[in-house]
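Below is one structure, written out as structure tokens; comments come after it.
Just so you know, these numbers use all the heavy atoms, side chains as well, and skip hydrogens, waters and symmetry mates.
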Amino acid sequence: MVDLEEYGINMWPEEKIIAFRKTLLQWYDENKRDLPWRKNTLPYSVWVSEIMLQQTRVDTVIPYYRRFLEWFPTITDLAEAPEQTLLKAWEGLGYYSRARNMQAAAKQMVELYNGEFPTTYEEIIQLKGIGPYTAGAISSISFNLPTPAVDGNLMRVISRLFEIPYDIGQPSNRKIYQAVAEILIDPDRPGDFNQALMDLGSDIESAFTPKPELNPIKEFSSAYLNGTMDQYPVKKPKKKPRPIKYKAFVIQNKQGEYLLEKNNQADLLSGFWHFPLIEDFTKEAKQIDLLENEMQEEYQVPNQDIPLEIQFETLYHCKVSWQESTYKQVQHIFSHQKWFITIQSGLTNDDIVSDDHKRELKWVSSEEFSTYPFAKPQQKIWHEIQKAHKFL
DNA sequence: GATCCGTGGAG
DNA sequence: TCTCCAAGGAT
């Protein structure tokens with residue numbers, strides 16, 4: 001148990017807690033958003049929405065949510081889905097391990113619970129991809145259990161209520177906000193209480209453009225009453241993404257098909273297909289970085305001056321006639337990496353491209369591309385190719 | 001516990 | 001353009 005006094009938090013008397021619940025829930029009843037996942041409280045659909053909404057905006061999620069339930073109406077359907085279909089359903093949403101973890105959890109439920117959703121917090125949090133937040137959300141919304149759903153919204157609102165100065169980006173501080181929420185949560189309507197804090201936190205108490213005068217709980221908020229709203233929550237800035245240079249190889253065979261490779265090893269974009277990529281450590285690339293991208297000293301690497309085209313022919317066991325091209329450099333920013341991709345196209349007569357068993361390679365016509373899961377960098381590269389060809 | 005894992009929108 | 005973010009979890 002967390003002793004709130006140790007953290008300088010003076011919990012309200014019982015009457016004030018009850019008044020707070022009443023005020024918050026009344027506001028929610030009058031102002032709650034009409035969202036597709038609020039039509040019922042069935043655990044499967046609540047689960048799908050909660051996973052999709054992790055670090056992702058509501059407007060982005062809605063079309064994915066609808067399609068996902070059409071494609072996989074039940075836990076069993078999800079458990080049995082082919083990888084390609086699963087990734088297609090998630091294509092563009094990001095954080096793709098969420099989809100893989102959901103399927104793993106669906107398989108757990110088929111094996112352990114006869115394809116049904118478990119009904120206790122302790123069982124739910126054992127499922128793959130479900131942590132304290134999601135377990136709390138599902139438990140409260142679907143099973144009416146008094147478990148807080150401690151996310152960024154809840155921590156932001158509570159930090160202002162009590163002027164809590166502990167960094168909400170620091171995982172070890174989560175327990176403080178959790179302890180406060182466990183006291184505040186309405187035991188009769190825990191699901192609505194949690195969702196009310198989310199609605200409030202995403203609009204009236206948003207991080208960027210809060211609307212303090214419209215806030216239904218402003219009279220409960222220490223930060224509001226003391227004029228310190230702009231000081232909460234405390235959150236340290238994130239690190240900048242690390243720059244990485246790649247060369248993408250857009251290779252066609254005699255039939256005009258393109259060489260694609262499946263990303264089987266990496267955690268990043270695992271399972272997605274892409275034009276072969278080789279990281280560029282050449283001196284030339286380094287010069288471009290210094291001039292165009294202001295590559296920082298800490299990211300400098302030793303030269304490796306074997307031309308990327310030679311490296312490609314060695315790694316992929318084929319002879320290529322390289323084409324002159326004027327494609328623009330493609331950039332893509334992940335949360336932790338920033339890719340600078342130059343495109344090199346070429347033609348080959350070799351049909352067997354690799355005997356390296358680690359690589360999964362395929363010749364694919366552009367008409368078939370839509371059936372392959374492509375992540376954003378690959379889509380940007382393909383877009384650049386098509387754009388360039390329009391001007392020929 | 002710090003780092004890794006995507007993407008699109010807002011200012 | 002750049003920066004920060006948005007309903008976190010796994011390692």
Under 4.0 Å between a side-chain N/O of [X] and OP1 or OP2 of [N], yes or no?
| X | N | answer |
| --- | --- | --- |
| A/Lys376 | B/dG8 | yes |
| A/Tyr96 | B/dT7 | yes |
| A/Gln170 | B/dA2 | yes |
| A/Gln337 | B/dC4 | no |
| A/His336 | B/dG6 | no |
| A/Thr56 | B/dT7 | no |
| A/Lys238 | C/dC2 | no |

What contact category does [X] fall into here, base, sugar-phosphate, or nothing, at under 4.0 angstrom with non-hydrogen atoms?
| X | answer |
| --- | --- |
| A/Val61 | nothing |
| A/Ile138 | nothing |
| A/Leu93 | base |

Nearest nucleotide by nearest heavy atom, which residue falls closer to the 5' end of DNA chain C, A/Ser49 or A/Pro171?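 Comparing both residues, the 5'-ward one is A/Ser49.
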Minimum-distance nucleotide (side-chain atoms of A/Arg57 versus C/dG9, B/dG6, C/dC5): C/dC5
When you measure from the side chain of A/Thr209, which nucleotide among B/dT7, B/dG11, C/dA6 comes out closest? B/dG11
Check against side chain to side chain donor-acceptor pair (under 3.5 Å), A/Asp267 and A/Ser97: CA-CA 8 Å; A/Asp267 293 330; A/Ser97 64; over 6 Å; no
